[in-house]
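Contents: one structure, followed by commentary.
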Amino acid sequence: GAGVSQSPRYKVAKRGQDVALRCDPISGHVSLFWYQQALGQGPEFLTYFQNEAQLDKSGLPSDRFFAERPEGSVSTLKIQRTQQEDSAVYLCASSLLGAVNQPQHFGDGTRLSIL
Amino acid sequence: TQLLEQSPQFLSIQEGENLTVYCNSSSVFSSLQWYRQEPGEGPVLLVTVVTGGEVKKLKRLTFQFGDARKDSSLHITAAQPGDTGLYLCAGEVSSNTGKLIFGQGTTLQVKP
């Protein structure tokens, strides 16, 4: 399909394990965003890339969270030493340009459960 | 910190009723977007409003941006069960990144 693809759709991990979440944006989209969404709540901004440059990581909750987009396309969100409060849906979105009025296209998210 | 207060958080109505969802902030946004999200899926953009006082209509949905660009509303006329879902407002905080600040969401249930 031509939309934003996220994998895995579901991830269960034990507390303390490291996890990696993948996002394949729409081809040609310059901007890529990661959001965290708790159940029944609105998404919260985590980080933003323009091509391979991470221009804003102000929303990352702690230094256990790390994101990269080395070739300006696929992005990976890594969480080290996971804790129960990390359980949430992690959404990725991409847009053609990082500019006003550019619609963001969201993937269906990765639901992360930490036991 | 820029916050968007969305109300009500939950709304359960009968088919055919009208409803309004509000999104308020003390901050000015360059644009405001409304999304609808189904369970297990990502948010889908419904509309973007940019100009203060702007009104946009999408079939039975009417969106309004406040004159000062700090608040917005979504009005649904004659709600149908297919309108059930999570409605999210999101303000664009910067004109050169597209970073969005989301409200808490309104869970709408329309009963047949």
Side-chain angles (χ1 to χ4, degrees), chain A residues 1 3-10 21 23-26 29-51 53-60 88-112, chain B residues 1-11 21 23-25 28-51 54 56 65 69 72 74 85-109:
Chain A
V4 176
S5 178
Q6 291 188 246
S7 60
R9 286 297 315 275
Y10 303 92
L21 313 180
C23 173
D24 282 86
I26 293 173
H29 277 197
V30 169
S31 298
L32 186 145
F33 304 82
W34 283 98
Y35 295 87
Q36 181 190 59
Q37 186 175 26
L39 188 63
Q41 299 294 311
E44 291 192 5
F45 171 81
L46 293 176
T47 187
Y48 160 68
F49 289 86
Q50 190 169 88
N51 295 306
Q54 188 175 20
L55 299 185
D56 187 340
K57 53 182 181 179
S58 60
L60 296 177
V89 174
Y90 290 85
L91 294 167
C92 175
S94 69
S95 67
L96 188 58
L97 294 170
V100 66
N101 295 338
Q102 288 291 314
Q104 291 188 22
H105 302 265
F106 283 81
D108 288 337
T110 294
R111 181 176 295 279
L112 176 64
Chain B
T1 303
Q2 292 173 292
L3 294 173
L4 271 174
E5 297 290 333
Q6 197 170 335
S7 62
Q9 274 194 283
F10 302 98
L11 199 51
V21 177
C23 187
N24 297 292
S25 176
V28 175
F29 293 98
S30 57
S31 73
L32 200 136
Q33 303 175 10
W34 285 92
Y35 290 82
R36 181 175 162 215
Q37 186 177 22
E38 303 272 10
E41 298 181 6
V44 175
L45 181 66
L46 295 174
V47 78
T48 300
V49 285
V50 178
T51 306
E54 183 176 4
K56 282 190 173 179
F65 203 10
R69 292 188 290 129
S72 181
L74 158 61
L86 178 67
Y87 289 83
L88 298 158
C89 64
E92 195 162 2
V93 301
S94 168
S95 61
N96 63 354
T97 68
K99 174 181 173 180
L100 295 176
I101 299 296
F102 281 86
Q104 308 97 312
T106 295
T107 299
L108 172 64
Q109 181 187 44

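This structure is a prediction, so every number in the text was calculated from the model and none was measured. To find a chain, count down the sequence lines: A is the first, B the second, and so on, and within it residues start at 1.
Leu46(A) and Tyr90(A) make their closest contact through CD1-CD2, 3.9 Å (heavy atoms, listed as atom of the first residue, atom of the second, distance). The minimum heavy-atom distance between Gln37(A) and Pro43(A), with the atom names listed, is NE2-CD, 3.8 Å.
For the atom pair Gln6(B) CD and Gln41(A) CD, the distance stands at 10.0 Å (nearest 0.5 Å).
Of the atoms belonging to Thr47(A), not a single heavy atom falls under 4.5 Å from chain B. Interface remark: Glu44(A) contributes no atoms to any contact with chain B (heavy atom separation under 4.5 Å). For a residue to count as touching a neighbouring chain, one of its non-hydrogen atoms must lie under 4.5 Å from one of that chain's; by this rule Arg9(A) touches chain B with the side chain only. In this structure, chain A has a heavy atom under 4.5 Å from the side chain of Gln9(B), while its backbone stays farther away.
Under the salt bridge (Lys or Arg N to Asp or Glu O under 4.0 Å) criterion, Glu41(B) pairs with no residue at all, not counting sequence neighbours.
Heavy-atom pairs under 4.5 Å with chain A were tallied for Leu100(B), Thr106(B), Thr107(B); the largest tally goes to Leu100(B). For the options Pro43(B), Gly105(B), Cys89(B), Gly103(B), heavy-atom pairs under 4.5 Å to chain A are most numerous at Pro43(B).
In this structure, a donor-acceptor pair under 3.5 Å is present between the side chains of Gln33(B) and Tyr35(B).
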